[in-house]
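Positions are given from 1 along the sequence.
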Amino acid sequence: ALRLGLTENTNPDKIEKDMEELLPKDRWRRFSDILIYHGREICKARRPEHNRCPIFDLCPSNST
């Protein structure tokens, strides 16, 4: 969420609150699962795989 620019917080509780403000309640769980999966499989902390990322064109890490 931080890398995607969805929050400026690093505290998990504050990040959760930020995400709750962005989405309807019925989407919180699914969105959380998607972010977790994306982080584990593509947007890894030490080496994000930008070439595999389906949303890289929307990502603040994309400086092009």
Side-chain angles (χ1 to χ4, degrees):
L2 181 62
R3 184 175 283 164
L4 291 172
L6 301 175
T7 184
E8 293 181 359
N9 290 299
T10 56
N11 177 295
D13 293 327
K14 291 181 180 180
I15 293 170
E16 181 178 9
K17 289 291 183 195
D18 289 343
M19 297 301 94
E20 288 173 356
E21 291 178 14
L22 292 175
L23 300 162
K25 188 173 184 172
D26 65 325
R27 304 252 173 124
W28 292 350
R29 175 61 188 211
R30 181 71 179 131
F31 188 72
S32 174
D33 291 344
I34 289 168
L35 279 182
I36 291 168
Y37 174 79
H38 185 71
R40 288 179 182 166
E41 295 298 319
I42 297 172
C43 196
K44 300 170 185 172
R46 292 184 184 221
R47 191 170 294 202
E49 297 181 32
H50 294 144
N51 62 321
R52 290 184 53 214
C53 183
I55 59 170
F56 186 61
D57 58 331
L58 304 172
C59 183
S61 296
N62 181 357
S63 60
T64 60

Asker: For the hydrophobic clusters of this structure (ILVMFWY residues joined by side-chain heavy atoms under 4.5 Å, transitively), does one cluster hold both Ile42 and Phe56?
Answerer: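 No, Ile42 does not connect to Phe56 through the hydrophobic network.
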Asker: How many angstroms lie between CG in Leu22 and CG in Leu6, if you round to the nearest 0.5 Å?
Answerer: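 Atom-to-atom, Leu22:CG and Leu6:CG are 6.0 Å apart.
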Asker: So which pairs with a foot in residues 11-37 pass ring pair (Phe, Tyr, Trp, His ring centres under 6.0 Å), sequence neighbours left out?
Answerer: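 Output for this query is empty, none listed.
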Asker: Would you mind reporting whether Pro54 and His38 have side-chain heavy atoms less than 4.5 Å apart?
Answerer: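 Yes. Closest side-chain heavy atoms under 4.5 Å.
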Asker: Tell me the closest heavy-atom pair linking Glu41 and Glu49, and the distance in Å.
Answerer: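 Taking every non-hydrogen atom into account, O-OE2, 4.0 Å.
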Asker: Under a 4.0 Å N-O cut-off, is there an ion pair linking Lys17 with Asp13?
Answerer: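 Not counted as a salt bridge, because no side-chain N and carboxylate O are separated by less than 4.0 Å.
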Asker: Quick check: closest heavy atoms across Gly5 and Pro60, and the distance to 0.1 Å?
Answerer: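 The answer is N-CG, 4.1 Å.
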Asker: Check whether any side-chain N or O of Arg3 sits under 3.5 Å from a backbone N or O of Gly39 as a donor-acceptor pair, and report yes or no.
Answerer: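 Checked: no pair found.
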Asker: Between Asp18 and Lys14, does a salt bridge (charged side-chain N to carboxylate O under 4.0 Å, His left out) hold up when you go through it step by step?
Answerer: CA-CA 6 Å; Asp18 289 343; Lys14 291 181 180 180; over 6 Å; no
Asker: Counting only heavy atoms not in Arg30 (residues, nucleotides, ligands), do more than 12 fall under 6.0 Å from its CZ?
Answerer: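 For Arg30, atom CZ is not crowded (no more than 12 foreign heavy atoms under 6.0 Å).
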Asker: Can you confirm whether Leu2 sits close enough to Thr10 that some side-chain heavy atom of one is under 4.5 Å from a side-chain heavy atom of the other?
Answerer: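 Sidechains of Thr10 and Leu2: in contact.
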Asker: Any chance you could measure Ser32, atom OG, to Leu23, atom CG, to the nearest 0.5 Å?
Answerer: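 Between Ser32 OG and Leu23 CG, I get 10.5 Å after rounding to 0.5 Å.
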Asker: Please report the interatomic distance SG(Cys43) to NE2(His50), rounded to the nearest 0.5 Å.
Answerer: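 Output value for this atom pair is 6.0 Å.
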